[in-house]
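Step one of this worksheet: look at the structure below.
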Amino acid sequence: MTGNRRWVTGALQHPDRDPTRRELLAATQKPYGVVLSCIDSRVPPELVFDTGLGDLFVMRTGGQAIGPVVTGSIEYGPMTGGTPLIMVLGHQRCGAVAAAYQALKDGKPLPGNLQAIAEALRPAYEQTTRGGSADPIETMTKNQVTLTADALRGNGDLGPLVIERKLAVVAAYYSLDTGQVEVLNGAPD
Ligand SMILES: [Zn+2]
């Protein structure tokens, strides 16, 4: 979050991006966080948190949709290397969420494998339609990251790490307008 404040204000440090850092990490890595975010070209976690080499495990899928392979990739750091933080990061004006919302609303599947993303976002869609919203795309995006973070926090493998306070799972939202990351839930005390 300190790095994100630098991103917002433009006071970037570009840490951990030189040959010394590369050599230091050549034999082993110990990132301090896992980020699952969208493929959107405007939301690269390494840039929006002003991080460098070896700092983050990063997974990116359309609408930060999740499935077994993605979940396994998220679990890798916390389960094998003690990575203490997972962030599920949604963002403003997400095209994937907008497309999924429309496809599910109209009952018209998206072409090809894009429909798999819509299906992965169905629980967030259903929560959104139940609640009603003036801005359903933004609401669905926030529902998607909080539902995903809740599921990771409670799953059989990560849940015990959360209870032991070795792991925090945070849902967050990125503003394209300001560059700011807002934590929605799961921040450690
Ligand atoms: Zn997106």
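Numbering of ligands and ligand atoms starts at 1, following listing order.
For the residue pair N185/R153, the side-chain donor-acceptor check at 3.5 Å is satisfied. Checked by atom type, the side-chain pair D177/Q92 shows a donor-acceptor distance below 3.5 Å. In summary, the side chains of E75 and N155 do present a donor paired with an acceptor at a separation below 3.5 Å, with no hydrogens or angles considered.
Listed by chain and residue number, the protein N/O/S atoms under 2.8 Å of the Zn ion (ligand 1) are C38 SG, H91 NE2, C94 SG, with waters left out.
A salt bridge is defined here as a Lys NZ or Arg NE, NH1 or NH2 lying under 4.0 Å from an Asp or Glu carboxylate O, and K30 with D55 fails to meet this definition.
A side-chain hydrogen bond (donor to acceptor under 3.5 Å, both in side chains) with T128 is found for one member of N143, T139, T141, D135 and no other, namely N143.
For A120, the side-chain contact (heavy atoms from CB on, under 4.5 Å) partners at least two apart in sequence or on another chain are A65.
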